[in-house]
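In each ligand, atom 1 is the first atom listed, and ligand 1 is the first ligand listed. The structure presented is a predicted model; accordingly, all values stated were derived computationally and were not measured.
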Amino acid sequence: MNWSTFLAHQLDMRKQQALWRQRQIIKKNDARTLIFDQQQYVNFSSNDYLGLSQHSAIIKAWQIGLSQYGAGSGSSGHVIGYRCAHAQLERQLADWLGYSRALLFISGYAVNQSVIMALMNKNDHIVADKLSHASILEAAMMSPATLQRFAHNQSDALQQLLAVKHTGKTLVATEGVFSMDGDSAPLGQLQAVARQAQAWLLVDDAHGIGVSGDEGRGSCYLHKVKPELLVVTFGKAFGLSGAALLCDEITADYFLQYGRHLIYSTSMPPAQAVALAEAVRQIRQADESRANLQRNIDYFRQLANHYNLPLLNSPSAIQPLIIGSNQRCLHLSQFLRQRGFWVQAIRPPTVPPGSARLRITLTANHQLADIAQLMEALNEFFNNHADK
Ligand SMILES: Cc1ncc(COP(=O)(O)O)c(C=O)c1O
């Protein structure tokens, strides 16, 4: 097969299965509205849960960082790219989240890849929740270790897998709040089962950090667990981008020696670290925003029950509506867009086949009327377009 036949065939398959993905140029995007093609929509597809991407103090901090440090870091942290701003942010994150050390990474994707690639060897096992993020599952598949998946959020299923003894090390991996289902992992049970088997626990709390727990410390704090490896990302509630790994001293030292994503990749711009430090300060005092978000979640779920919509058991800002067919899900997303709501259809392979869904995300900035109007539109769709 030549290259062009290969590419054309692959693209054709995506189109035939209603799996074609495309980017759209969004003109303005805050945590409540967005502008696309000169039209304003109420935005229910943002992970900017607290609206911090537009926070004036964070924007200002980034500007101050730029004038202090310039635009980029100039190299990996192991060469000359580790500045005072990086060190201060790492210290601040570690203190806030109760760990000895924090290490900054360029993205959540990179930190999960790095953790698994650096720690896991041939005779090791990675036992991951079936619905873990692609960055965890892919890294596990590519690593020399054996990947096993346990039934979503089932600590009994995990226990059964861990009961089989192996010679190597075992890493249990899960998310604090699941990115596509919105439900929370039973972290207390998972930690107990992992400890009993002398396995380490990795919790990726991309969607819990900033949003839940006292001062936004996230899912682990809320569930009173302390995993050996905690991943937090800055692209959601922080309103920026980047990520960090929280761990103990010896593990951090190990990553500085063996973490290829740290050694061979340019570190984040120091100005961004200055902005992130301000985002941590804002998050710690954002009780009012967290209360608004909770009010919006409660209202959404109350109306969804009223309209008898097929909700999942999600207490979080992520409220998926499972539609099933890719085609119907796209149709619903389009229907909502015509009524002024931007809600992304999520299709396989991001979610399992046959479980295409609308991933509705709520933020602290939504008004109750935004939610009421969305629910009316959804109700109209389900009453009048049952066959589509
Ligand atoms: C659970 C989870 N982990 C990791 C990531 C990747 O984070 P980043 O966007 O910083 O690469 C995401 C992003 O979608 C996520 O939802």
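Side-chain rings of H366 and F44 approach one another, their centers coming within less than 6.0 Å. Aromatic ring centres of H133 and F178: separated by at least 6.0 Å. Taking the centre of each ring, Y264 and H78 stay at or above the 6.0 Å mark. Taking the six-membered ring for Trp and the full ring otherwise, W342 and F36 have centroids separated by under 6.0 Å.
For ligand 1, the atoms sitting less than 4.0 Å from at least one non-hydrogen atom of G108 are 6 (C), 7 (O), 8 (P), 10 (O), 11 (O), numbered in the order shown with element in parentheses. Remark: ligand 1 atoms within the under-4.0 Å shell around heavy atoms of E175 are 1 (C). Every atom of ligand 1 with a heavy atom of A206 under 4.0 Å away is listed here by number and element: 1 (C), 2 (C), 3 (N), 15 (C). The atoms of ligand 1 that sit less than 4.0 Å from any heavy atom of Y109 are 6 (C), 7 (O), 8 (P), 11 (O).
Side-chain contact between R357 and L321 is absent, with no heavy atoms from C-beta onward closer than 4.5 Å.
Considering backbone and side-chain N/O of H207, one or more are found under 3.5 Å from N/O of ligand 1. Checked by distance only, ligand 1 and S135 stay at 3.5 Å or farther apart across all their nitrogen or oxygen atoms. Backbone and side-chain nitrogen or oxygen atoms of T233 are examined, and none is located within less than 3.5 angstrom of a nitrogen or oxygen of ligand 1.
Counting heavy atoms only, H133 comes closest to atom 5 (C) of ligand 1 of the residues Q113, H133, M180. When the heavy-atom distances from atom 2 (C) of ligand 1 to T174, I318, D205, D204 are ranked, the shortest goes to D204.
Cation-pi geometry between R101 and Y99 is not met: the NZ or CZ atom fails to fall both under 6.0 Å from the ring centre and inside 45° of the normal.
Atom 13 (C) of ligand 1 has as its closest protein heavy atom K236 NZ, 2.4 Å.
Residue R359 forms a side-chain hydrogen bond (donor to acceptor under 3.5 Å, both in side chains) with just one option from T350, N47, D181, and that option is N47.
Contacts with ligand 1 closer than 4.0 Å are made by side-chain heavy atoms of S179 only, the backbone lying farther away.
Using a 30° and 60° split on the angle between ring planes, F234 and F238 fall in the tilted class, from 30° to 60°.
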